[in-house]
Amino acid sequence: MRGVYTTSIKIAGLAAAKTLAYLTAPATAAVEILSASVTNASNESNEQIEITLQYITTLGTPTGTTLTFAKHEPGDQAATVAGKGNVTAAEPTYTADTEIGREGSSSLCGWFFDPLPEERPIIAPSGNLGLRLITTPTAFDALVKITFREIG
């Protein structure tokens with residue numbers, strides 16, 4: 001499928017509830033979230049975690065690692081989406097009651113969001129969507145991945 005990209009980031013020693021990653025759609029296109037996941041690469045102790053995708057009301061200027069985007073088809077142009085992972089300061093303000101895929105999960109099994117096509121969230125042009133860890137976990141190395149398609 002044309003225009004499909006994946007971004008991933010490893011967050012070493014994740015031990016706080018926070019924004020794991022967020023995407024900002026370009027002004028010229030919408031973005032469809034195809035899948036997302038958060039898995040545990042280090043901790044052998046199981047615990048319950050709660051994760052959600054959520055629309056952002058005010059992005060502000062969060063501090064984090066700039067995400068890179070791998071294209072699924074070599075002939076595609078570079079992604080025009082922007083985003084950061086492992087937000088360490090200035091959390092975005094989230095829109096109330098817009099949680100998507102909010103689930104509790106075992107930290108050993110990981111959290112996976114694989115929606116049916118009609119359930120896929122769409123980020124409007126210039127809009128923002130965050131992937132949030134809501135619970136405070138025992139430290140673990142988190143592997144965070146989002147796959148999306150640019151539309152338009």
Side-chain angles (χ1 to χ4, degrees), residues 1-14 16-42 49-95 97-134 137 140-152:
M1 181 185 296
R2 305 289 295 175
V4 175
Y5 306 87
T6 294
T7 186
S8 63
I9 185 170
K10 182 176 184 176
I11 303 173
L14 176 63
K18 66 177 177 175
T19 300
L20 303 175
Y22 70 85
L23 298 178
T24 300
T28 57
V31 173
E32 178 182 31
I33 303 299
L34 302 177
S35 66
S37 65
V38 178
T39 57
N40 178 348
S42 67
I49 56 175
E50 184 179 349
I51 299 176
T52 191
L53 290 162
Q54 191 167 3
Y55 289 103
I56 296 171
T57 305
T58 306
L59 181 60
T61 53
T63 303
T65 303
T66 299
L67 297 173
T68 58
F69 306 101
K71 38 187 163 173
H72 285 218
E73 293 194 28
D76 281 350
Q77 68 180 20
T80 56
V81 166
K84 291 192 177 180
N86 192 21
V87 172
T88 56
E91 281 281 333
T93 302
Y94 286 92
T95 306
D97 302 321
T98 62
E99 294 89 353
I100 300 166
R102 185 176 184 172
E103 298 283 342
S105 176
S106 159
S107 64
L108 294 179
C109 294
W111 174 86
F112 295 89
F113 179 72
D114 293 308
L116 296 170
E118 53 275 358
E119 296 175 328
R120 293 177 183 157
I122 303 289
I123 308 171
S126 301
N128 302 284
L129 182 78
L131 177 57
R132 302 176 62 198
L133 175 62
I134 297 172
F140 71 98
D141 293 348
L143 300 175
V144 178
K145 181 176 81 166
I146 301 173
T147 299
F148 61 92
R149 178 171 67 109
E150 292 185 355
I151 306 168

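Everything numeric here is computed off the predicted structure, so don't read it as measured data. Along the sequence shown, residues are numbered consecutively beginning with 1.
For Ser42, the side-chain contact (heavy atoms from CB on, under 4.5 Å) partners two or more places apart in sequence, or in a different chain, are Asn40, Phe140, Asp141. Here Tyr55 pairs with nothing under the side-chain hydrogen bond (donor to acceptor under 3.5 Å, both in side chains) rule; sequence neighbours left out. In this structure, the salt bridge (charged side-chain N to carboxylate O under 4.0 Å, His left out) partners of Glu50, at least two apart in sequence or on a different chain, are Arg102. Judged as a side-chain hydrogen bond (donor to acceptor under 3.5 Å, both in side chains), and not counting sequence neighbours, the contacts of Thr80 are Glu150. The side-chain contact (heavy atoms from CB on, under 4.5 Å) test applied to Thr68 returns no partner, not counting sequence neighbours. The side-chain contact (heavy atoms from CB on, under 4.5 Å) test applied to Ser106 returns Asn46, Leu108, Cys109, not counting sequence neighbours. Evaluation of the side-chain contact (heavy atoms from CB on, under 4.5 Å) rule for Thr65 yields Ile9 as partners, not counting sequence neighbours. In terms of the ring pair (Phe, Tyr, Trp, His ring centres under 6.0 Å) criterion, residue partners of Tyr5 (sequence neighbours excluded) are, by chain and number, Phe148. For Lys84, the side-chain hydrogen bond (donor to acceptor under 3.5 Å, both in side chains) criterion is met by no residue, not counting sequence neighbours. Partners of Thr88 according to the side-chain hydrogen bond (donor to acceptor under 3.5 Å, both in side chains) rule, which considers only residues two or more places apart in sequence or in another chain, do not exist here.
Using a 4.0 Å cut-off between charged nitrogen and carboxylate oxygen, Glu73 and Arg2 count as a salt-bridge pair.
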Could you list the donor-acceptor pairs under 3.5 angstrom formed by side chains in residues 122-132, with sequence neighbours left out?
from, atom 1, to, atom 2, distance (Å)
Asn128, OD1, Thr24, OG1, 2.5
Arg132, NH1, Gln54, OE1, 2.6

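Between Tyr94 and Thr19, the side chains place a donor N or O and an acceptor N or O closer than 3.5 Å (distance only, hydrogens not considered).
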